[in-house]
Amino acid sequence: MDNRPIGVFDSGLGGLTAVKQLISVMPDEDIVYFGDTGRVPYGNRSRETIIRYTRDDINFLLEHNIKLIIAACGTASSVALPYINDVGVKIIGVLEPACQAALKRTRNGKIGVIGTAGTIKSDKYAQIINSLDPAARVFSAACPMFVPIVENGYANTEVARTVAMDYLSGLKNEGVDTLILGCTHYPLLEGVISDIMGDGVELISSGSEAARYAKKLLDREGLLTDRRTEGHREFYVSDDVESFVQLGGLFLGREIELNVHRMKF
Ligand code: DGL
């Protein structure tokens with residue numbers, strides 16, 4: 001049993017989609033969230049910069065006596081985590097849980113992956129999937145416009161549909177039957193993506209899979225909390241608190257009290 005909080009970080013507020021799932025699978029756990037809103041986006045930055053930012057995010061969470069770190073950010077998970085070794089607590093990225101889930105669910109062995117430019121360029125999803133199943137075929141597409149579309153409130157519009165048609169047509173033509181949403185923001189585009197890909201294509205949300213994976217890991221290691229009361233959640237950002245509070249509800253999808261603090265590096 002361990003009553004310390006779970007630390008979660010993301011390049012900004014998109015990681016709240018993972019927090020939403022964490023709250024649903026482990027409502028009693030305390031959570032400390034850090035969103036690097038002052039330096040978002042990570043998705044189009046160089047590897048060196050993403051590694052440096054990710055180290056800062058992890059170091060910030062380590063100051064909060066956490067028992068586990070979840071890198072909710074697809075970009076940080078794929079580009080930086082492979083270069084970050086022992087920091088004293090376990091770190092989960094979003095890749096392994098999503099790859100395992102995709103391999104379990106695919107019927108034809110053709111898996112699609114979408115993410116930021118950095119995530120897709122790293123090729124990490126394909127590497128992990130093929131290390132688990134060399135016969136699986138992975139088809140990837142970078143979708144750089146998806147993040148601004150979501151953050152500007154265009155998720156359920158014709159704009160989103162037009163852009164998504166363009167990004168997804170290649171994957172659709174390849175006949176993937178499973179599609180990993182490899183970025184924090186993409187669950188908010190699930191309706192549009194699913195419409196375009198069709199009913200037969202199963203969407204895997206990397207945040208949901210990471211939340212379930214985290215629960216299994218904490219359970220296996222005897223690190224779940226033994227409190228049976230709603231967990232306490234603290235949110236930290238590196239830029240304006242107000243805009244985080246305003247957009248936060250969109251990502252959390254329910255009424256969660258947002259105790260948000262501004263931090264400085
Ligand atoms: N959080 C990032 C991810 O999941 C998306 C936003 C960004 O580019 O920083 O890849």
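Only this structure's heavy atoms are used, side chains among them; waters, hydrogens and symmetry mates stay out. For ligands, and for the atoms within them, numbers begin at 1 and follow the listed sequence.
In terms of protein heavy-atom proximity, atom 1 (N) of ligand 1 is nearest to Asp10 OD1, 2.8 Å. Protein heavy atom in closest approach to atom 6 (C) of ligand 1: Ser11 OG, 3.5 Å. Among all non-hydrogen protein atoms, the one lying nearest atom 10 (O) of ligand 1 is Thr75 OG1, 2.6 Å.
The ring pair (Phe, Tyr, Trp, His ring centres under 6.0 Å) test with Phe265 singles out one residue from Phe34, Tyr53, Phe60, and that residue is Phe34. Checked against Glu230 for a side-chain hydrogen bond (donor to acceptor under 3.5 Å, both in side chains), the options Arg233, Arg227, His232 give a single hit: Arg233.
Each of the atoms 3 (C), 4 (O), 5 (C), 10 (O) of ligand 1 lies under 4.0 Å from some heavy atom of Cys183. Interface atoms of ligand 1 facing Val40, defined by a heavy-atom separation under 4.0 Å, are 9 (O). Listed by number with element, the atoms of ligand 1 under 4.0 angstrom from any heavy atom of Gly74 are 3 (C), 4 (O), 10 (O).
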- Message: As a quick check of understanding, evaluate side chain to side chain contact (heavy atoms under 4.5 Å, CB included) for Leu223 and Met1, giving each step before the final call.
- Response: CA-CA 5 Å; Leu223 296 177; Met1 175 275 291; over 6 Å; no
- Message: Quick one, Ile129 with Ile180, criterion side chain to side chain contact (heavy atoms under 4.5 Å, CB included). Give me CA distance, side-chain angles, the key distance, then yes/no.
- Response: CA-CA 11 Å; Ile129 290 170; Ile180 297 177; 4.1 Å; yes
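Ligand 1 has a nitrogen or oxygen under 3.5 angstrom from a nitrogen or oxygen of Gly43. Remark: ligand 1 and Gly182 share no N or O pair separated by less than 3.5 Å (distance only, no angle test).
Asn44 places no side-chain N or O within donor-acceptor distance of the main-chain N or O of Pro144, the cut-off being under 3.5 Å.
Both tests do not hold together for Arg262 against Phe244: distance to the six-membered ring centre under 6.0 Å, angle to the ring axis within 45°.
Here Glu96 does not pair with Lys216 in a salt bridge; the nearest charged N to carboxylate O distance is not below 4.0 Å.
Contacts of Thr184 with ligand 1, taken as heavy-atom pairs under 4.0 Å, involve both backbone and side chain.
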